[in-house]
Amino acid sequence: MNIISQKARDAGVVGAGGAGFPTHVKLNTPAEIFLVNGAECEPLLKVDQQLAVKYAHLLVRGLELAMQAVGAREGIIAYKAKYKEAIAAVTPLLASNMRVHILQDVYPAGDEVITIWMATGRRVPPAGLPKDVGVAVNNVLTLINLARAVDSDQPVVDRTLTISGAVASPITVTVPNGTSMREVIARAGGITVNKPRYISGGPMMGKLLDTIDQPITKTTGGIIVLDEDHVLIKRHLQPMRDVMAIARATCEQCNLCTELCPRHLVGHELHPALIVRSANYHDIGKPSVLLSALTCSECAICEQWACPVGISPMRINIALKAKFREEGARYVGDLRPLDPMAEHRLVPISRLIARLAVGVYNKKAPLDESHFEPQRVELLLRQHVGAASLPVVQVGDTVSRGQLVAEIPPEALGARLHASISGRVEAVTAHSITIVQGDTP
Ligand code: SF4
Ligand code: SF4
């Protein structure tokens with residue numbers, strides 16, 4: 001393991017863009033190009049675009065370290081043109097082997113398969129990884145965390161996230177990992193609807209939360225508050241049996257979901273219209289068509305944008321994925337030709353915002369990094385891809401902010417966890433470690 005990767009491992013750096021893949025593993029894999037995904041194309045989320053301005057030097061330093069670790073000859077920072085301040089902040093800092101690539105303001109420019117294609121012209125094969133085309137990708141916050149880990153031995157203990165939607169003052173805050181979502185949401189000045197529901201993540205790919213009495217993690221990029229009657233919440237609440245019933249009753253086989261599927265556009269076999277048809281007729285059709293559901297990015301274009309009759313091919317894909325994963329099935333298929341219209345079929349963000357009925361909430365959410373220290377944090381042992389971390393503290397131990405509290409299991413893929421506040425360990429379970437303030441060493 002190279003020293004940069006080792007430091008990323010020590011600091012518990014994971015992909016902050018959503019999946020939480022352990023960064024040290026990525027930094028041990030050779031790549032020709034290191035790509036910073038600065039697209040942040042989910043409406044209402046304003047984290048990376050603001051951090052990229054404030055911490056431009058750390059971002060470029062993180063890119064430099066990442067390039068060194070993987071042996072990349074070129075570093076690319078992919079931004080949308082509208083992130084003018086971020087572009088202006090990084091441009092003077094770039095080395096001769098780095099450049100900014102301007103992405104179209106479309107969705108899903110931030111899906112890494114699409115970002116890679118737009119920024120490098122390379123196409124990741126279906127069920128493949130960026131490394132298959134010589135590229136490594138991380139988002140802005142991940143590289144900032146890497147620079148802090150390598151140059152200052154700073155572990156990942158905080159998370160920056162946007163609170164938006166039906167709140168009095170949308171805001172982007174930095175809080176200790178493990179802070180209760182309820183406490184973080186309160187920082188946005190109060191909820192403005194009567195029957196609030198909560199989405200973790202963006203309006204397209206976010207997940208509906210059962211409760212906000214749960215902790216934020218290293219991968220929580222935003223929380224959106226919406227009324228229970230909002231169209232997006234209704235979509236989330238639709239039971240699977242209704243999804244299937246609507247698909248059976250109303251699919252016109254118009255093929256729009258396939259024609260607008262970003263993965264299909266870049267040459268993947270994934271064909272949501274055929275998957276819906278197969279599911280409607282008891283899984284008939286080529287086995288690879290159904291298996292290609294495993295390559296769905298869950299970008300929601302098919303359900304939120306393409307389908308004219310309210311069908312959700314994505315939900316059918318998600319159900320199929322769960323079934324296939326249980327069976328241990330894998331998709332194997334070749335990359336096909338690029339759709340000649342691909343560039344023009346991605347969705348303009350302004351139109352997407354209107355379609356999602358979130359225009360009224362598309363406001364600034366200014367970055368507020370004032371000190372915030374909760375009384376209690378709950379650190380989930382699994383907030384990354386791989387095995388749950390193993391606690392190395394016990395109930396009653398006193399810990400300092402930044403101290404290691406859970407280790408990667410031997411020989412496993414995983415990430416370390418560190419105390420995000422100083423205090424006393426109140427509970428250690430199979431699921432989490434809880435720390436309360438007080439009794440510090
Ligand atoms: S969610 Fe729909 S549009 Fe997006 S990749 Fe999956 S099938 Fe394609
Ligand atoms: S867009 Fe809707 S109606 Fe058209 S093929 Fe896809 S699921 Fe069927």
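Order of appearance sets the numbers: ligands from 1, and atoms from 1 within every ligand.
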What pairs of donor and acceptor atoms, side-chain ones from residues 159-170 against any protein atom, are under 3.5 angstrom apart with sequence neighbours left out?
from : atom 1 : to   : atom 2 : distance (Å)
R159 : NE     : T220 : O      : 2.9
R159 : NH1    : A16  : O      : 2.9
R159 : NH1    : K218 : O      : 2.9
T160 : OG1    : T174 : OG1    : 2.8
T162 : OG1    : K46  : N      : 3.0
T162 : OG1    : T172 : OG1    : 3.0

Between [Y] and [X], is there a side-chain heavy-atom distance shorter than 4.5 Å?
X    : Y    : answer
R148 : V156 : no
L379 : S432 : no
I102 : I87  : yes

Could you list which atoms of ligand 2 come closer than 4.0 Å to a heavy atom of [X]?
X    : result
Q253 : 5 (S), 8 (Fe)
P308 : 1 (S)
A273 : 5 (S)

**Message:** Quick check for you: within a radius under 2.8 Å, how many protein N, O or S atoms neighbour atom 4 (Fe) of ligand 1?
**Reply:**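 Atoms of protein N, O or S type lying less than 2.8 Å from atom 4 (Fe) of ligand 1 total 1.
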
Heavy-atom nearest neighbour in the protein, as seen from [atom], with distance rounded to 0.1 Å:
atom                    : value
atom 8 (Fe) of ligand 2 : C251 SG, 2.4 Å
atom 3 (S) of ligand 2  : E252 N, 3.3 Å
atom 4 (Fe) of ligand 2 : C254 SG, 2.3 Å
atom 6 (Fe) of ligand 2 : C257 SG, 2.4 Å

**Request:** Go through the steps to decide whether E64 and R61 satisfy the test salt bridge (Lys or Arg N to Asp or Glu O under 4.0 Å), and finish with yes or no.
**Result:** CA-CA 5 Å; E64 181 190 12; R61 172 67 179 149; 3.0 Å; yes

Name the atoms and distances for all side-chain donor-acceptor pairs under 3.5 Å in residues 240-257, with sequence neighbours left out.
from : atom 1 : to   : atom 2 : distance (Å)
T250 : OG1    : I246 : O      : 2.6
Q253 : OE1    : R277 : NE     : 3.3
Q253 : OE1    : R277 : NH2    : 3.4

**Prompt:** Roughly how far, to the nearest 0.5 Å, is the CZ atom of F21 from the OG1 atom of T142?
**Reply:**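 Atom-to-atom, T142:OG1 and F21:CZ are 12.5 Å apart.
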
**Request:** Would you kindly say whether E40 and Y83 are connected by a side-chain donor-acceptor distance under 3.5 Å?
**Result:**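 Checked: E40/Y83 side chains show no N/O donor-acceptor pair below 3.5 Å.
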
**Message:** Strictly under 2.8 Å, is atom 2 (Fe) of ligand 2 approached by any N, O or S atom of C307?
**Reply:**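 It does: C307 brings an N, O or S atom closer than 2.8 Å to atom 2 (Fe) of ligand 2.
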
**Request:** Describe, in one word, how the ring planes of Y55 and H57 are oriented to each other, choosing from parallel (under 30°), tilted (30 to 60°) and perpendicular (over 60°).
**Result:**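 Rings of Y55 and H57: tilted, as their planes differ by 30° to 60°.
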
**Request:** Report the part of V309 (side chain from C-beta onward, or backbone N, CA, C, O) that has a heavy atom under 4.0 Å from ligand 2; answer both or neither where that applies.
**Result:**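 For V309, the contact with ligand 2 is made by the side chain alone.
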
**Asked** Mind checking what makes salt bridge (Lys or Arg N to Asp or Glu O under 4.0 Å) contact with K207, not counting sequence neighbours?
**Response**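 Salt bridge (Lys or Arg N to Asp or Glu O under 4.0 Å) list for K207, sorted by chain: E298.
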
